[in-house]
Amino acid sequence: MVRLGFIIGFIALLGVLLSGLAAYRVHDQELALDRIALARAIDVHASLVQDRLTERELLARVASGLFRAPSVIKPNMLEPLRSAIYAFKTDFVVAGWIARLKPNELAAAQAAIAGAGFPNPQIRSYDDKPINPAEITQPIDVLMDLEPRSNETKTLPGRSYDQDPVRSAMLTRARAEKRSVASDPVPLIRGSGAVGIIVAAPVIPEGATEPAGFVTFSYELATLMLTNDDMSLFAVALRDPRKEGGELIANDQGVVSTRRVAADGPAPSATRTVSFGGRDWQLSYYAKTNSARRAEQTAIIVAAIGFAITAMVCGLFGYVAYNNLRLSREIQVRIGFERRLTAVIDELNHRVKNILAVIQSIVTRTLRHGSDIDSARELLIGRIHAMSNVVSLLSESQWQGVKLKGLFEARAIPHADRIAVTGPDIAVSARAAQSLSLLFFELASHSDEGLSLVGKHPHITANWTVTGEDGNEVFHFRWEEFNTSEATRRPDSDFGLILLDRVAPEALGGTAKRFFTDVSYVYELTAPMETVVDMTERDRTDKISAPVRPVRN
């Protein structure tokens with residue numbers, strides 16, 4: 001008993017160590033793959049954003065270079081550029097011409113705005129308060145023309161941006177640096193409008209040193225930063241330059257809002273810096289899925305499978321060895337038992353290797369071809385359940401074989417009560433029982449979408465016959481799913497096709513075929529009875545199970 005406990009403990013310890021090592025390796029691999037995929041997606045996104053920003057800044061520069069008007073107060077200043085700016089990009093919200101007007105040019109500018117057809121030509125502050133020209137001593141920046149023109153945008157010309165903190169700072173910097181400059185995020189068109197960014201390019205007349213005005217383009221922040229949809233691996237946020245520790249995020253409708261980043265909150269998975277309008281903008285990327293948790297779940301599944309296999313091996317080994325040890329009552333019996341135990345271990349290794357090979361194939365192919373972890377887990381549990389059921393039946397029969405009808409029990413076959421089973425109740429060998437149990441599970445699990453009854457007849461029939469004379473009997477099995485077609489039946493999985501077409505027929509030394517008739521799906525398997533029953537395996541089991549008799553002197 002001590003030796004048996006030591007062997008079982010050693011097998012259990014070895015199984016636990018191997019299962020833990022496999023789970024550890026799977027965890028590291030899943031985590032590394034997820035991180036690589038996320039980093040690659042983030043790099044692609046940041047590159048696309050930078051390309052978009054570069055194109056839009058180039059548009060502002062090209063527009064300012066093409067702007068050659070004889071007078072800053074000429075009406076319809078953007079008309080010569082209209083075809084050009086629309087040919088470049090059409091996703092800007094408003095393109096505008098902001099003239100830098102001297103105090104003596106305000107009256108002419110007001111007349112030009114009125115002549116261009118805008119409803120409110122009066123020169124006024126950004127909050128629509130009238131400006132007294134007599135109080136103006138320095139040049140001011142006034143919106144003179146814009147595109148596109150709508151009922152909402154037509155009311156904007158005539159506004160001065162000198163008192164608007166965001167736009168005024170942008171224009172002052174563009175005038176000083178004499179290059180295109182981007183503003184801080186600001187509501188566009190109106191105070192409650194979409195949040196966006198404005199880029200202003202100074203227009204410097206030939207021979208002059210100061211800009212006569214600015215060509216501006218405004219863009220919504222959501223489209224400018226390429227916010228992601230529900231299928232993306234991450235959510236992107238823009239670091240708010242107006243507020244320390246603030247971020248700008250967009251929802252599914254493109255509505256931008258500000259949120260406060262807590263010091264103890266989740267840190268972004270990665271940050272990237274893009275350039276636009278002479279300044280750097282920082283993008284923060286937050287992974288939508290917890291890679292560590294997903295890797296842990298996969299590792300737990302692998303570890304659970306390893307522990308289950310270890311438990312099966314230890315249980316099977318303990319069952320056989322303990323029953324043999326009970327027969328040891330005398331010294332002579334113990335000597336015979338030692339010899340018998342060697343044979344039992346050899347046979348056990350043979351059977352366990354077969355079981356482990358089948359389970360390894362099930363695990364590998366299910367996880368390889370699973371669309372996601374949930375569906376793969378369900379298929380894996382079902383297939384291992386089918387294997388566990390046939391091992392239990394074989395254990396109950398001392399590995400003498402299993403009645404074929406017993407493989408259709410509801411605990412191992414989905415919807416077993418809806419299947420009409422007919423045929424002689426023959427006892428199949430352990431090897432055949434393992435292959436047929438997986439075969440029946442695979443057929444039943446892929447026919448669960450149409451198990452309704454047609455009249456009084458079951459939708460699925462499973463029948464088998466034995467033909468031929470003694471010594472040349474042939475086993476014929478036929479599975480037929482009525483009232484189904486190739487267009488309506490759920491297709492078999494990759495593992496299922498391999499099992500149906502190759503593994504099961506080869507294990508029984510036979511052939512198989514599957515096809516659709518006008519009203520049904522049919523799977524047929526033909527094999528020699530000598531491989532289905534396999535008397536040599538039964539004889540070997542009988543020899544091992546025979547009681548040990550004391551040696552007579």
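We find that Arg272 and Asp43 are joined by a salt bridge, their nearest charged nitrogen and carboxylate oxygen being less than 4.0 Å apart. For the pair Arg279 and Asp184, the salt-bridge criterion is met [side-chain N within less than 4.0 Å of a carboxylate O].
Minimum heavy-atom separation, Ala427 to Val533: O-CG2, 4.0 Å. Residue Ile419 comes nearest to Ala462 through the heavy atom pair CG2-CB, 4.2 Å, listed as atom of the first residue, atom of the second, then distance. Nearest heavy-atom pair across Ala222 and Val256 is N-CG2, 4.1 Å.
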> After noting the C-alpha distance and the side-chain angles of Leu508 and Leu436, does the key distance pass the side-chain contact (heavy atoms from CB on, under 4.5 Å) rule?
Replying inline: CA-CA 9 Å; Leu508 299 178; Leu436 291 174; 3.9 Å; yes

>> Walk me through whether Tyr521 and Phe516 qualify under side-chain contact (heavy atoms from CB on, under 4.5 Å).
In response: CA-CA 4 Å; Tyr521 167 79; Phe516 286 92; 3.4 Å; yes

> Passes side-chain contact (heavy atoms from CB on, under 4.5 Å), Leu38 versus Ser269? Steps please.
Replying inline: CA-CA 9 Å; Leu38 180 63; Ser269 302; 3.9 Å; yes

> What's the verdict on side-chain contact (heavy atoms from CB on, under 4.5 Å) for Val302 and Ser19, showing C-alpha distance, side-chain angles and the deciding distance?
Replying inline: CA-CA 7 Å; Val302 174; Ser19 300; over 6 Å; no

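With Thr54 contributing its side chain and Gln50 its backbone, the two residues share a donor-acceptor pair below 3.5 Å. Side-chain N or O atoms of Trp281 include none that pairs as donor or acceptor with a backbone N or O of Arg239 at under 3.5 Å. Here the side chain of Thr531 pairs a donor or acceptor atom with the backbone of Pro528 at under 3.5 angstrom. Checked by atom type and distance alone, the side chain of Arg52 pairs as donor or acceptor with a backbone atom of Thr223 at under 3.5 Å. Checked by atom type and distance alone, the side chain of Trp479 never pairs as donor or acceptor with a backbone atom of Leu443 at under 3.5 Å.
In terms of the salt bridge (charged side-chain N to carboxylate O under 4.0 Å, His left out) criterion, residue partners of Glu524 (sequence neighbours excluded) are, by chain and number, Arg478, Lys513.
No option in Ile426, Val421, Val532 other than Ile426 meets the side-chain contact (heavy atoms from CB on, under 4.5 Å) test with Leu404.
You'll find the side chain of Glu442 stays beyond 4.5 Å of the side chain of Ile498, heavy atoms only. Considering only heavy atoms from C-beta on, Ile197 stays 4.5 Å or farther from Tyr219 through its side chain. In this structure, Leu283 and Thr271 have side chains that are not in contact, with every pair of non-hydrogen atoms separated by 4.5 Å or more. The closest side-chain heavy-atom distance from Pro505 to Thr511 is not below 4.5 Å.
Between His45 and Tyr285, the ring planes are perpendicular. Angles over 60° get that label, and only those under 30° would be called parallel.
A side-chain donor-acceptor contact under 3.5 Å links Glu247 and Tyr286.
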